There are 2 protein chains.
Amino acid sequence: MSQSRPVYLKLRDQIAAAIIEGKYPEGEMLPSVRALAAEQGANPLTVAKAYQQFQNDGLVEVQRGVGMYVVAGAAGRLCSSEREQFLREEWPEIRNRMERLGIDLAELAGTLEAN
Amino acid sequence: MSQSRPVYLKLRDQIAAAIIEGKYPEGEMLPSVRALAAEQGANPLTVAKAYQQFQNDGLVEVQRGVGMYVVAGAAGRLCSSEREQFLREEWPEIRNRMERLGIDLAELAGTLEAN
DNA sequence: ATGAGTGTATTATGTCACTGATGCACCTAG
DNA sequence: CTAGGTGCATCAGTGACATAATACACTCAT
């Protein structure tokens, strides 16, 4: 009940953000499943499950016995696909909910600057 | 994978939207657990679990042997609480994600009209 | 009183996602 | 070849979720 969202999905989002922001540069090796697991206090298998999402999409390249590397263009492709998914699937629901709750876009505009 | 969100939470959201939109007017009786279960193809106990969220918050009044009634001011209170929750918990994450993906508020403004 | 309609409590069962521990296959450095 | 690092496959445990079958307490129209 405490953690509504699965850990491996949280890790996936976190890694995706890191790739897009260039924290894990293209061509570089990702942290090993054991290393990231120790850092995040999770199980290596849980980290591996998060990594698998990316190798299924061809965003990371696996070299068995060596490590997983970010392929060239991964950040761009990842950003594009997530952007499209957001606009197509998530935003409509958010928009409906805002409409129902009487929240205006202008009301949210100010928060964009308040970083 | 098909049902990422529990059924009783989906029902809860659906009922909350119906109350806010006035589909279930204040003072009126909610559909019985058996009736809504039959309509939604769910188990009566699952519907009861969804209803219980509302009686815990004092938004519906239970008359044993009769039914559950929407209390006066339920729509307003529900709208306020959900609005506050949205602004406090959900919007910051959405904002961060939009920033990372390079999505501008102006880009979304047009979709508000396209109902 | 009776019966049909409410919500609710109890117990049991099956499914599935999540997580974890262990061991294996692979590569590289020495 | 050996040692230590990879990723990965297998098996199992845990808990939430949904469903089910009853049974009960209550109210209201009849």
Side-chain angles (χ1 to χ4, degrees), chain A residues 1-16 18-19 23-72 74 78, chain B residues 1-16 18-19 23-72 74 78:
Chain A
M1 186 85 97
S2 56
Q3 44 177 5
S4 55
R5 194 178 180 82
V7 176
Y8 78 99
L9 284 183
K10 286 184 186 174
L11 288 174
R12 184 213 158 272
D13 290 346
Q14 170 182 331
I15 298 161
I19 291 180
K23 187 176 174 182
Y24 297 153
E26 301 178 357
E28 290 297 310
M29 178 178 145
L30 288 171
S32 74
V33 287
R34 291 174 179 83
L36 189 57
E39 175 186 334
Q40 297 289 332
N43 191 284
L45 277 163
T46 306
V47 178
K49 192 170 184 179
Y51 277 164
Q52 192 153 25
Q53 314 276 326
F54 295 106
Q55 55 175 310
N56 287 342
D57 295 345
L59 294 171
V60 302
E61 190 173 326
V62 179
Q63 296 187 15
R64 276 196 76 143
V66 182
M68 307 182 65
Y69 291 82
V70 184
V71 306
L78 197 54
Chain B
M1 188 79 104
S2 57
Q3 44 173 9
S4 54
R5 194 178 181 84
V7 176
Y8 78 98
L9 284 183
K10 286 184 187 175
L11 288 175
R12 183 212 158 273
D13 290 347
Q14 171 183 330
I15 297 161
I19 291 179
K23 186 176 176 183
Y24 297 154
E26 302 179 358
E28 290 297 310
M29 179 179 144
L30 289 171
S32 74
V33 289
R34 292 174 179 82
L36 189 57
E39 176 187 333
Q40 296 289 333
N43 190 286
L45 282 166
T46 305
V47 177
K49 191 171 183 179
Y51 276 164
Q52 192 152 25
Q53 314 276 326
F54 295 107
Q55 56 174 311
N56 287 343
D57 295 346
L59 294 171
V60 302
E61 189 175 327
V62 180
Q63 297 187 15
R64 276 196 78 140
V66 183
M68 308 182 65
Y69 291 82
V70 184
V71 306
L78 197 55

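Small disclaimer: the values here were computed from a predicted structure and weren't measured. Both backbone and side-chain heavy atoms feed into the values below; hydrogens, waters and symmetry mates do not. The chains referred to below are lettered A, B, ... by the order of the sequence lines, with proteins before strands, and numbering in each begins at 1.
- Between the CD atom of Q14(B) and the NZ atom of K23(B) there is a distance of 7.0 Å, given to the nearest 0.5 Å.
- Contact annotation: Y8(A) reaches the phosphate of dC18(C) (side-chain N/O to OP1 or OP2, under 4.0 Å).
- Using a 4.5 Å heavy-atom cutoff, the side chains of Y51(A) and S32(A) are not in contact.
- Residues V70(A) and E28(A) are not in side-chain contact: their nearest non-hydrogen atoms beyond the backbone lie 4.5 Å or more apart.
- Whole-Å rounding puts the R12(A) CZ to dT19(C) P distance at 15 Å.
- For K49(A) and dT19(C), the shortest distance from a side-chain N or O to OP1 or OP2 is not below 4.0 Å.
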- For side-chain contact (heavy atoms from CB on, under 4.5 Å), just list the numbers for Y8(B) and Q53(B), CA-CA rounded to whole Å, side-chain angles, deciding distance to a tenth of an Å, and then say yes or no. CA-CA 10 Å; Y8(B) 78 98; Q53(B) 314 276 326; 3.7 Å; yes
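- Counted within 6.0 Å of CD on Q40(A), heavy atoms from surrounding residues, nucleotides or ligands total more than 12; the atom is thus considered enclosed.
- The phosphate of dC8(D) (OP1 or OP2) has a side-chain N or O of Q55(A) nearer than 4.0 angstrom.
- Here the P atom of nucleotide dG20(C) and the CG atom of L11(A) are 11 Å apart, to the nearest Å.
- Two residues, L45(B) and R34(B), neighbour DNA chain C, and the one matched to the more 5' nucleotide by heavy-atom proximity is R34(B).
- Across dT8(C), dT19(D), dC28(D), the shortest atom-to-atom separation from the side chain of V66(B) is found for dC28(D).
- For the atom pair K10(A) NZ and T46(A) OG1, the distance stands at 12.0 Å (nearest 0.5 Å).
- Note: OH (Y69(A)) to C1' (dG5(D)) measures 11 Å, nearest angstrom.
- Within the nucleic acid shown, Q52(B) has no heavy atom closer than 4.0 Å to any nucleic acid atom.
- For dT19(D), the OP1/OP2 oxygens have a side-chain nitrogen or oxygen of T46(B) closer than 4.0 Å.
- Looking only at distances, no side-chain donor or acceptor of D57(A) sits under 3.5 Å from a matching main-chain atom of L59(A).
- Each end of the helix from dA1(C)-dT30(D) to dG30(C)-dC1(D) gets its own axis from five base pairs, and the two axes differ in direction by 0°, given to 10 degrees.
- Rounded to whole angstrom, the span from the CG atom of L9(B) across to the P atom of dA17(C) amounts to 17 Å.
- A straight line from CZ of R5(B) to C1' of dA17(C) spans 16 Å, rounded to a whole angstrom.
- Spacing between atom CG of N56(B) and atom C1' of dT8(C) amounts to 13 Å, rounded to whole angstrom units.
- Between N43(B) and dA20(D) there is a side-chain polar atom (N or O) within less than 4.0 angstrom of OP1 or OP2.
- To the nearest angstrom, C1' of dT19(C) lies 16 Å from CD of Q40(A).
- For the pair Y51(B) OH and dT8(C) P, the interatomic distance rounds to 11 Å; values are reported in whole Å.
- Across all strands shown, M68(A) has heavy atoms under 4.0 Å from sugar-phosphate atoms exclusively, and none from any base.
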